[in-house]
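Shown next, in structure tokens, is the structure this report addresses.
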Amino acid sequence: MSEEASRPLVFVTRPIAEQALAELAGFARVDLWEDEMPPPRDVILGRIAGADAILSLLTDGIDAAVIAAAPRLRVISNLAVGVDNIDLDAATASGVAVGHTPGVLTETTADLAFALLMAAARRIVEADSYTRQGRWRTWGPRVMLGRDVFGAALGIIGWGAIGRAMARRAAGFAMRVLYAARADKPHQARIGATGQEIAGASAVALSELLGESDFVSLHVPLTPETRGMFGAREFRAMKPGAILINTARGEVIDQRALYEALAAGHLGGAALDVTSPEPIAPDDPLLKLPNVIVTPHIGSASQATRLRMAQIAVGNIRDALAGRLPAYCANPAVRLKTKIA
Ligand code: NAP
Ligand code: GLV
């Protein structure tokens, strides 16, 4: 076998930062899917069959059948913190490490979540359209009235890295921050990212959070427990006129129930970076509502953060191919498979 052919083969499912691809090419053969759209399932099944690693995106479904089709596979390295597109149990059972990119995208994603909160509160997208449509005829005392952010109550669901980064931003606006901790992990949930309490944030029951918050922002991962966690009952329990921000995953909410709560005038607005499905259908009724903002899943989309994520994803592959657990591993209990010659 030539020296080149003996290098590990990595299937990369979309063009990522050039610099990170060059780093990957330094220790592996790179099989790059160059299209702007994700590889179809049959392409993934075909290309993963001979691969030692896959650098996947959140749009790639890496389920048990895909993992079973890849006898050489030693690591699935996801360019995301969320790993809901991957069957973690199947990977662990097959001795395949799952890498992801937590931490590095925390502040960038919280920036977007807070930007959505501000945009929904002050009707920025709607006001921009109003101007472009030539409807701005004079300064009006009743034109485009929104909601105050300063001093309002923000409820955070998912008191993890991004939820707490959101709370730090809210503190600068003198917001009252409430969060709902999981009953089984109340202490851990009260501790901040650096191990310190976040000043002014209060742990409350979900019902209290929903009843008191002017804004509710979702930051949970998508798991069997959080899928559909926000439905008609939760929307009804929210304060009249409250605004929902979702930068977590679309499947955490029942989108039909959200539409109904908005159309009935109970909720004041919604700002969604994630939808179900993605992309949202252009004729989805939510897109007809002026008080809804939808962005195309861009939470971590800054140049610096996407480069850093790509470098971490490459580092995770390097670790696993060297027989170590990836530095950022989503299934740390895995017993790594040994290399197939
Ligand atoms: P993280 O640090 O792991 O935080 C997630 C938090 O959610 C943890 O504190 C976790 O609690 C909590 N949680 C899990 N299940 C819960 C439940 N059933 N009820 C209440 N809390 C629950 O993750 P992160 O970095 O903040 O990211 C959170 C999620 O944001 C990701 O999984 C991803 O889906 C999404 N995200 C989206 C974008 C975007 O582009 N829009 C970008 C990055 C991330 P425990 O610690 O007790 O488990
Ligand atoms: C993005 O949604 C991520 O999970 O990183």
Side-chain angles (χ1 to χ4, degrees), residues 14 16 55-60 62 77-86 88 98-117 155-169 178-195 198 201 203-207 209-210 216-231 234 245-253 271-276 278-280 293-302 305-306 308-310 312-313 316 328-332:
R14 222 84 69 74
I16 57 167
L55 197 157
S56 54
L57 308 193
L58 55 82
T59 43
D60 304 317
I62 312 293
S77 181
N78 218 32
L79 189 86
V81 59
V83 286
D84 47 278
N85 58 309
I86 299 168
L88 282 185
V98 177
H100 66 149
T101 63
V104 65
L105 46 57
T106 297
E107 303 299 337
T108 304
T109 306
D111 281 351
L112 194 268
F114 208 79
L116 287 176
L117 184 155
I156 294 180
I157 311 286
W159 194 240
I162 301 171
R164 289 183 290 227
M166 186 71 172
R168 290 197 299 277
R169 281 155 181 74
L178 307 173
Y179 63 91
R182 281 205 285 192
D184 55 337
K185 291 186 175 172
H187 175 72
Q188 184 187 335
R190 229 170 274 129
I191 305 296
T194 54
I198 290 180
V204 296
L206 180 63
S207 55
L209 181 151
L210 295 178
V216 172
S217 192
L218 305 182
H219 299 286
V220 286
L222 178 63
T223 64
E225 203 188 333
T226 62
R227 185 179 290 276
M229 113 188 254
F230 263 66
E234 287 70 28
I245 319 296
N246 189 7
T247 57
R249 284 289 182 269
E251 292 80 359
V252 172
I253 68 175
L272 314 173
D273 185 47
V274 289
T275 59
S276 176
E278 290 188 3
I280 190 170
I293 298 171
V294 182
T295 50
H297 203 149
I298 54 168
S300 66
S302 78
T305 292
R306 285 287 164 82
R308 197 66 197 108
M309 287 166 68
I312 287 173
N316 284 338
Y328 301 91
C329 188
N331 62 341

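Heavy atoms only: backbone and side chains are in, while hydrogens, waters and symmetry mates are out. Indexing begins at 1, ligand by ligand and atom by atom, following the structure's order.
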(message) Any nitrogen or oxygen of Val81, side chain or backbone, less than 3.5 Å from one on ligand 1?
(response) no
(request) Give the single entry among Ala80, Pro224, Gly160 that approaches atom 6 (C) of ligand 1 most closely by any heavy atom. (result) Gly160
(message) Applying a heavy-atom cut-off of 4.0 Å, say which part of Asp273 lies close to ligand 1: side chain, backbone, both or neither.
(response) side chain
(message) Just verifying a value: how many Å separate Leu272 CG and Glu278 CD, rounded to the nearest 0.5 Å?
(response) 10.0 Å
(request) Could you tell me if any non-hydrogen atom of Thr247 lies under 4.0 Å from any atom of ligand 1? (result) yes
(request) First locate atom CG of Leu79, then atom NE2 of His100, and finally report the distance between them rounded to the nearest 0.5 Å. (result) 12.5 Å
(message) Run the side-chain hydrogen bond (donor to acceptor under 3.5 Å, both in side chains) test against Arg169 and tell me which residues pass, sequence neighbours left out.
(response) Glu107, Asp111
(request) Nearest 0.5 Å please: distance from the CD1 atom of Ile245 over to the CG atom of Leu117. (result) 4.5 Å
(message) Within the structure, is a non-hydrogen atom of Thr226 found at a distance of less than 4.0 Å from ligand 1?
(response) yes
(message) Please list, in number order, the atoms of ligand 1 under 4.0 Å from a heavy atom of Gly158.
(response) 7 (O)
(request) Flag the pair Leu58 / Arg249 as yes when at least one side-chain heavy-atom distance between them is below 4.5 Å, and no otherwise. (result) yes
(message) So, taking the atom named CE in Met166 and the one named CG in Leu112, what distance separates them when rounded to the nearest 0.5 Å?
(response) 9.5 Å
(request) May I ask you to check whether Gly163 has an N/O atom sitting below 3.5 Å from an N/O atom of ligand 1? (result) no
(message) Among His297, Glu225, Arg249, which one puts a heavy atom closest to atom 33 (C) of ligand 1?
(response) Arg249
(request) Using a strict cut-off of under 4.0 Å between a residue heavy atom and any atom of ligand 2, list the qualifying protein residues by chain and number. (result) Leu58, Ala80, Val81, Gly82, Leu105, Arg249, His297
(request) Return the set of residues passing side chain to side chain contact (heavy atoms under 4.5 Å, CB included) with Leu206 (not counting sequence neighbours), or none when no residue passes. (result) Ile157, Ala180, Leu210
(request) Among Asn246, Thr275, Leu116, find the residue that satisfies the side chain to side chain contact (heavy atoms under 4.5 Å, CB included) test when tested with Val294. (result) Thr275
(message) Could you measure the distance from the CG atom of Leu57 to the CG atom of Asn78? Nearest 0.5 Å is fine.
(response) 7.5 Å
(request) Select one of side chain, backbone, both or neither to describe which atoms of Thr109 lie under 4.0 Å from any atom of ligand 1, heavy atoms only. (result) side chain
(message) Heavy atom to atom 43 (C) of ligand 1, shortest distance: which of Ile162, Ile157, Leu116, Thr108 holds it?
(response) Ile162
(message) Less than 4.5 Å apart, side chain to side chain, heavy atoms only: is that true for Ile162 and Leu105?
(response) yes
(request) Answer side chain, backbone, both or neither: which part of Ser300 comes under 4.0 Å from ligand 1, heavy atoms only. (result) backbone
(request) Apply side chain to side chain contact (heavy atoms under 4.5 Å, CB included) to Thr226 and list each qualifying residue two or more places apart in sequence or on a separate chain. (result) Val220, Leu222, Thr223, Met229, Val252
(message) Tell me the contacting part of Ala248 for ligand 1: side chain, backbone, both, or neither, using a 4.0 Å heavy-atom threshold, strictly below.
(response) backbone
